[in-house]
Amino acid sequence: MSTLHKIALTFIKSIGPVTAKNLLAYCGSAENIFSANKKQLLQIPGVGEKTIEAIRGTDALTRARQELDFIEKHGIEVLFFSDEKYPKRLKNCIDSPILLYAKGTVDFNQQRIISVVGTRNATSYGKNLCKELCEVLAPYQVLIVSGLAYGIDVTTHKECLANHIPTVGVLGHGLDRMYPKIHKTVAQKMVLNGGLLTEFPILTNPDRPNFPQRNRIIAGIADATVVVEASIKGGALITAEIANSYNKDVYAFPGRTNDVFSEGCNFLIKTNRAGLINNANDLIYYLGWDAEMKVKQMPQTTLQLNLTPNEQRVIDALKNGQLSIDDLSLQLNIQQSKLAIVILTLEMQGIIVSLPGKIYKLA
């Protein structure tokens, strides 16, 4: 597909990620969306007269040419929904962006990815937790994602850099600017070991509504979200809520009951929206990173079972090693809602077992 048309698809007014994916499914490519006639487009669910008018206008392609000139000049990579480099964990989320702009050296599909979020008013307690977390996780070849905001976010990025951990900042604006400006030096260092990521094009201001929107990327791109410090209201709790809606693991550090910036973490733990972790080793345990990676032969007794085709496919996939539900869903092209039923059936029959972090292996 033409990069120009991929970008232009994101500039069509009234078309969000879900409708854009629907258009791609019916038309086959971004170019075909722009060349399709009215009759063809009207047959697509969710597409009406206003959408067709927007598609057939010239604004989207004109704006896309401006964007393309900028990204080519500044070495920015375009990650389209159908590209191999697009973050596979994020791709599995229903409202994931159709296109991302990335700058840096990072692999968004590496084996271990976590997101770390928290208050902009980080205390010494929260900053120390970030420091200890990064120091312990350094040997695990993990990618750590945050939002490059004040407080816990930037502290996490700085500790990653100090411990040579690749780290990515997800932005609420385009790559033609940096907000807050004071984090520009940190961002430049991150590009050398990690990167910057955004769904927003150039000329996008860091307006308030953009940040809750970008939080879904922070939640969706990782295996788990860790909340370090958070008040009862704010972006960190929004990110945790989104991660839960994506069936992702959420963990939180507890704090004192009278501490405003631990109130959000304590609430998440109290309401079973997050698992309690006291230190990085707890996180490693829950995610199963220390579990031995052993491939076991299928027990002979399971060959006697009357398996459905999808059950057999799951078993065959797990013969090669442990896999998360995200990986199984993508590899087998089965929706997570359907896959969860298959997995539960196999667990009940004792064929597979679950590990911390929604990872599965043969029994």
Find out whether [X] and [Y] are in side-chain contact, i.e. whether some heavy atom of one side chain is under 4.5 Å from a heavy atom of the other.
X      : Y      : answer
Thr156 : Ile144 : yes
Tyr360 : Val353 : no
Phe81  : Leu99  : no
Pro87  : Leu100 : yes
Val117 : Ile152 : no
Tyr101 : Ile71  : yes
Leu196 : Leu148 : yes
Tyr251 : Leu268 : no

Expected output: side-chain [X] to main-chain [Y] donor-acceptor under 3.5 Å:
X      : Y      : answer
Ser115 : Ile218 : yes
Ser35  : Glu31  : yes
Asp282 : Leu276 : no
His173 : Thr204 : no
His5   : Ala30  : no
Asn37  : Lys39  : yes
Thr119 : Ala122 : no
Ser146 : Val116 : yes
Lys103 : His74  : yes

Quick one: pull up [atom1] in [X] and [atom2] in [Y] and give me the separation to the nearest 0.5 Å.
X      : Y      : atom1 : atom2 : value
Tyr86  : Ser96  : OH    : OG    : 4.0 Å
Glu72  : Asp69  : CD    : CG    : 6.5 Å
Lys248 : Lys358 : NZ    : NZ    : 9.5 Å
Leu192 : Leu161 : CG    : CG    : 9.0 Å
Ile165 : Cys134 : CD1   : SG    : 4.5 Å
Ile98  : Thr19  : CD1   : OG1   : 10.0 Å

Among the clusters formed by ILVMFWY side chains lying less than 4.5 Å apart, do [X] and [Y] turn up in the same one?
X      : Y      : result
Leu68  : Leu175 : yes
Phe11  : Ile52  : yes
Val226 : Ile269 : no
Phe200 : Ile7   : no
Ile94  : Tyr26  : no

Neighbour count above 12 (heavy atom, 6.0 Å) for Asn258 CG: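 Yes, CG of Asn258 has more than 12 neighbouring heavy atoms, counting only those of other groups under 6.0 Å.
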
Chi angles and distances behind the side-chain contact (heavy atoms from CB on, under 4.5 Å) call for Lys13, Ile55: CA-CA 8 Å; Lys13 294 177 182 178; Ile55 292 171; over 6 Å; no

Gln322: which of Ile352, Ile359, Leu362 passes side chain to side chain contact (heavy atoms under 4.5 Å, CB included):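 With Gln322 as partner, side chain to side chain contact (heavy atoms under 4.5 Å, CB included) holds for just one option, Ile359.
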
Going by an N to O cut-off under 4.0 Å, is there a salt bridge joining [X] and [Y]?
X      : Y      : result
Asp316 : Arg313 : no
Arg112 : Asp223 : no
Arg214 : Glu199 : no

Less than 3.5 Å apart, any donor N or O on the side chain of [X] or [Y] sitting next to an acceptor on the other?
X      : Y      : value
Glu229 : Thr123 : yes
Ser29  : Asn32  : yes
Thr167 : Lys158 : no
Asn210 : Tyr179 : no
Asn205 : Arg177 : yes
Gln336 : Asp326 : yes

Lys127 vs Glu159, salt bridge (charged side-chain N to carboxylate O under 4.0 Å, His left out): CA-CA, chis, key distance, verdict: CA-CA 9 Å; Lys127 291 177 181 178; Glu159 292 299 338; over 6 Å; no

Locate the shortest heavy-atom distance separating [X] from [Y]; write the atom from each residue and the value.
X      : Y      : answer
Thr155 : Cys130 : CG2-CB, 3.8 Å
Val227 : Val250 : CG2-CG1, 4.4 Å
Ile44  : Cys27  : CD1-SG, 3.9 Å
Ala187 : Met178 : CB-CE, 3.6 Å
Leu143 : Pro166 : CD1-O, 3.3 Å
Gln331 : Leu323 : OE1-CD1, 3.8 Å

side-chain contact (heavy atoms from CB on, under 4.5 Å) between Leu203 and Arg63, intermediate numbers included: CA-CA 11 Å; Leu203 306 180; Arg63 184 67 180 81; 3.9 Å; yes

Trace of the side-chain contact (heavy atoms from CB on, under 4.5 Å) decision for Tyr246 with Asp95: CA-CA 10 Å; Tyr246 289 159; Asp95 59 349; 2.5 Å; yes

Chi angles and distances behind the salt bridge (charged side-chain N to carboxylate O under 4.0 Å, His left out) call for Glu241, Arg273: CA-CA 8 Å; Glu241 200 65 32; Arg273 288 174 166 87; 3.3 Å; yes

Criterion salt bridge (charged side-chain N to carboxylate O under 4.0 Å, His left out) against Lys88, the qualifying member of Asp83, Asp107, Asp327: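 So, applying the salt bridge (charged side-chain N to carboxylate O under 4.0 Å, His left out) to Lys88 and each of Asp83, Asp107, Asp327, only Asp327 qualifies.
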
cation_pi(Lys85, Phe108) dist<6.0 Å, angle<=45: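 Checked: cation-pi criterion not met.
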
NZ or CZ of Arg120 within 45° of Phe211 ring axis and under 6.0 Å: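 Judged by the rule, Arg120 and Phe211 form a cation-pi pair.
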
Working for side-chain hydrogen bond (donor to acceptor under 3.5 Å, both in side chains), residues Ser329 and Gln335: CA-CA 6 Å; Ser329 178; Gln335 289 182 348; over 6 Å; no

Evaluation steps, side-chain contact (heavy atoms from CB on, under 4.5 Å), between Ile351 and Leu307: CA-CA 11 Å; Ile351 297 173; Leu307 300 172; 3.9 Å; yes

